[in-house]
Structures are given as C-alpha cells and as structure tokens.
There are 2 protein chains.
Amino acid sequence: MPESIWFRDDARRVRRPRLSRERIVEAAVALLDAEGVNGFSMRALAARLRAGTMSLYEYVKSKEDVLDLALDEVIGEIDTEEHGAWRQTIVHQLTQSRQVMRRHPWMAALTGTRPLLGPNALARSRLFYSALAAAGLSGPALTAAVGALTYYVNGYVAAENTWWATVRTPDADAEIRERVARFLEDNATELSRHAHVDDGDFDRHFLLGLDIILDGIEARLPG
Amino acid sequence: MPESIWFRDDARRVRRPRLSRERIVEAAVALLDAEGVNGFSMRALAARLRAGTMSLYEYVKSKEDVLDLALDEVIGEIDTEEHGAWRQTIVHQLTQSRQVMRRHPWMAALTGTRPLLGPNALARSRLFYSALAAAGLSGPALTAAVGALTYYVNGYVAAENTWWATVRTPDADAEIRERVARFLEDNATELSRHAHVDDGDFDRHFLLGLDIILDGIEARLPG
DNA sequence: CCCTCTTCCGTGCACTGTACGGAAAACCGT
DNA sequence: ACGGTTTTCCGTACAGTGCACGGAAGAGGG
C-alpha cells in the first residue's frame, strides 16, 4: 500500500535536474536587466539560482555562452506582426526592436561585438529580409537596405540608452544634469539646440530618421 | 668652470616626469590595437610603459578614464577634409571614419556604451553637423539625418569587423570557415546569397547603403 | 637642513572566470 | 537488492583583475 503511486514521490525520482539551460538563461536575462552587463558574473548568476557556481558549467561552456544565449533569448521578444503595406511592416518591426532594446539596455553592449547567429536572431533577420523583398528589393540593394535600417536602429537605441544612463545617473542629481546640459550647450550648439528632453522627442526623432532611410529605399524600388 | 652650463646636466634637473597622460594614452591605443579590449588591463598597460601599475593612477582616475581618452584619441585620426559638393564631403568623412574604425577594431565595443564627449569627438560631430547644414538641412531633420548616417557607419563597421574576426579566427582554419559558410547558407538564404567575400564587397556595400540614406536626405532638402 | 609637493609604486583586498577532481544521486543490468 | 555507470552538483584552487592605501624617493623652496 505505501508503494502505491499516490504515496510514492515519483516526482523526486524522475530525472529532474534542478538546473537547466533554460533556467540559466532566464536568470541571466533577469540579472542583466537588474545589474547590467558589468554587474553580471557567474557567481552572481549562480547565487540567483541558489546553486554552486561551477554547476552552471554543466550546461554552458563559458560566460560568453551565457551572454550569447541571453542575447538571443531577448531578441526572441521582438514582435514581428505583418501589416498591410511593406513600409508599415518595417516600421512596426523596428519600433518593436527599439522597445525590446529599451527593456534590456545591456543588449547594445553585446550586439556590437559578436555575430548574431542564434535561432531567434536568424528568424528575425529572415523576416526582415522578406519584408523588404516583398517591397520589391533584391540583390545588393536588398542587403544594403537591411543594413542601413538595422544599423540605424541599433545605433539609435544605443545612443538613447546611453543618454538616459548619463542623465539619470543618481549622483548629485540636478547638479550633474545641469553640468551636462551646460556642457552640451557650450560644445555642440547645433546638437543641443534640438536636444532631446523627454521620451516623446526620442520617439519622434527615431521615426524621422527611419522615414529618411525609408524614403531612400523607396526611391530605389523598381517600377 | 665645472658649473658652466655646458657641464651641468640641466635636462636631468628639469621637472620631467617619466609618465604623462599623453604617453599613457598613446600606449593604451597601441595595447588596444595589439590585444583588443579584452586583452587590455592596467597591469599590461603599465608593463608596456615600464612603470608600476599604480603609477598610472597619478594621471587617470580609473581604467574607464583611459578607455575614454584612448577612444577620443583615435577619433582624432578621422580626416575631415572639405570637398566641393556636400554629398562628397559627407561620403569622404564617413569613409574616413570607417577606415579609422577598421584600424582600431576595439572602437566599436566602446562607442556603443559610452557618451562621446571628448574634444575630438565633439569636433568631428560639429564638422559633420555643419556639412549637412550647408546642404540646407536644419532643425529636427538635421538631427535625424546626422543620426541616420553616423549610426549606419558605426553599425556597419562593427558588423564588418565582427565578420572578419569570425572568419579569420585562426582555429581549425578551413574547417571553421567551411562550417560558418554552410551555416549561413542553410540559415539565412537571402543573406548569404549576397554575402561578402572580400574587401571589395564590403566597400561597395558600404557605399551603397550610404547612398540610400543620402538619397533619402536629398529628397528632404528645401528647394 | 628641513619642509612640502610631486612622482612613483609595493602590498593587499575583494572580486573575476574557470580547470580539476571528488561527492552524491539516479539510472540500469543482473 | 546490489554493483557499476552516468549524470548532476559543487568546493577548492589558481591566475588574473581594478584599484585603495600608505610609504619611499626625489625635487624645490625657505
């Protein structure tokens, strides 16, 4: 009777490792969100999982691996819904990209230095190519257009995040903010005259730059 | 007589510190060029200068300082000669940017994550703004155009460097190269069909993407 | 000759990634 | 029920990091 299924704790006996690659990646994203890429360490990651540091290495070869996996994981968050006109599809995809990169500001530090070959990255890339191909582009023009758009988005959001990180720095508060503002006003007149002051400005500028590039692309469409 | 100027060794007595911020920055650039941003450490930098590690801290507050200074230093290498037509001036400046970023591949890892506020960075920025202002742009359109162009260049060269670093990796040689090639062919059909295979391809693609953006800008010029 | 100031740097601390090898647990064949 | 194999976990250790601290060595001025 005690060995009946209802009393046995099979759950414990089934091969159920406490750790898994999925759990590690999930915790890594959370840690990166909370502490940034500098505050990210294998020890801290293990602590967050209540595991020994070296246990992680059963599932990944190195810290680099974890970063690659975490990056591809959040790239998977980008929504790629189709819209009617190709231009709206593109704008939507890139706006989504921007939002994900703002949710995970550490992405910029990684995308610039490593090839994006994870499954999610490849999937977004394919979708993006096909959206532009549907517009009528092909060959080198297609490749160039994809490049122009993706590099613009990445660079824009990286700069945007850096800006917020600089201004929102919780030192001396108004003190620092004031100094930065004066500094920019003195040193980069044209730049500061149209400087960003709130989210709305960033939104508008983002879409404006996007429109410029899209105009250039449209001019190159056959027919 | 022995105390005559010709016998005294005044050069030795003149305050002439062995180290200086300039020497440190110069050595830092050399070290970064040789070892990349991962191989860069304060100890290695000091060794290169035949100095004790802590001596560096007499001239800089932190490693971050050194990186900021090194980055602004190489930004200063960008040549910003004027050309007749605004479009050629822009193309020239950005081509120069690309070349400098290829000479110092570690730049990409830094530009994405820190504000570029050094004197050289500000100077290039101003020149770039004025080149586009001369074309007739102003206000938010000017800011957006500058953003679209600079982010494109940074992103493009970062990707380009990553590509070369991946392909040129001196492991297993042809083995790895073959695998990467197959991988791309399988996973990103459109991408690999127009993949880059040599410097010439990168040059052409770079200019092509640039032209697309410039077309978009030109369409927006008043008059 | 002392006093101060600049320059240099050895030592030490808290922290990093990860190689290695061992312990414990779960599975399998008998 | 038991020995052996494989999987999971992780403590220890090592070489490396950035940099705080405090002291030494020298130069300049009184």
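It should be emphasised that the depicted structure is a prediction, and the values quoted were computed from it without experimental measurement. Below, read A as the first sequence line, B as the second, and so on, with proteins coming before strands; counting in each chain starts at 1.
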Inset, instruction - Could you tell me the separation between the CG atom of B/Asn38 and the C1' atom of D/dG16, rounded to a whole number of Å? - result: 13 Å
Inset, instruction - Using a heavy-atom cut-off of under 4.0 Å over every strand shown, decide if B/Ala51 touches base, sugar-phosphate, or nothing. - result: sugar-phosphate
Inset, instruction - Tell me, yes or no, whether the heavy-atom count around B/Glu26 atom CD, taken from other residues, nucleotides or ligands under 6.0 Å, exceeds 12. - result: no
Inset, instruction - Select base, sugar-phosphate, or nothing to describe what A/Ser55 touches, counting heavy atoms under 4.0 Å on all strands. - result: base
Legend entry - Within residues 57-71 of chain A: residues closer than 4.0 Å to DNA chain D (heavy atoms): A/Glu58, A/Tyr59
Inset, instruction - Please indicate whether A/Gln96 has more than 12 foreign heavy atoms, meaning atoms of other residues, nucleotides or ligands, lying under 6.0 Å from its CD. - result: yes
Inset, instruction - Would you indicate which nucleotide in C/dT18, C/dC9, D/dC9 comes nearest to any side-chain atom of A/Arg18? - result: D/dC9
Inset, instruction - Determine yes or no for a side-chain-to-main-chain donor-acceptor pair under 3.5 angstrom, with B/Arg48 supplying the side chain and B/Ala27 the backbone. - result: no
Legend entry - Separation of atom CD1 in B/Ile24 from atom C1' in C/dC9, rounded to whole Å: 13 Å
Inset, instruction - With the side chain of A/Arg43 defined as its heavy atoms from C-beta on, choose the nearest nucleotide among C/dT16, D/dC9, D/dT17. - result: C/dT16
Inset, instruction - Mind checking A/Met54 for me? I need base, sugar-phosphate or nothing, with any heavy atom below 4.0 Å counting as a touch. - result: base
Inset, instruction - Could you please spell out the steps behind the ring pair (Phe, Tyr, Trp, His ring centres under 6.0 Å) verdict for B/Phe202 and B/Trp164? - result: CA-CA 11 Å; B/Phe202 276 109; B/Trp164 287 122; 5.4 Å; yes
Inset, instruction - Could you state the atom-to-atom distance from CZ of B/Phe40 to C1' of D/dC19 in whole Å? - result: 14 Å
Legend entry - B/Leu31 CG to D/dG18 P, straight-line distance once rounded to whole Å: 10 Å
Inset, instruction - Would you mind reading off the distance between B/Leu45 atom CG and C/dC9 atom P, rounded to a whole angstrom? - result: 13 Å
Inset, instruction - Could you tell me the separation between the CG atom of A/Leu19 and the C1' atom of C/dA26, rounded to a whole number of Å? - result: 17 Å
Legend entry - Distance, nearest 0.5 Å, that separates CG of B/Leu31 from CE of B/Met42: 11.0 Å
Legend entry - Interatomic distance where CG belongs to B/Leu49 and C1' belongs to C/dC9 [whole Å]: 14 Å
Inset, instruction - Ignoring hydrogens and angles, tell me if any N or O in the side chain of B/Asp72 forms a donor-acceptor pair with the backbone of B/Asn120 under 3.5 Å. - result: yes
Inset, instruction - Kindly indicate, with the supporting measurements, whether the criterion ring pair (Phe, Tyr, Trp, His ring centres under 6.0 Å) is fulfilled by A/Phe206 and A/Tyr156. - result: CA-CA 7 Å; A/Phe206 176 73; A/Tyr156 186 91; 5.3 Å; yes
Inset, instruction - Ignoring backbone atoms, establish whether B/Thr53 has a side-chain N or O less than 4.0 Å from OP1 or OP2 of C/dC9. - result: no
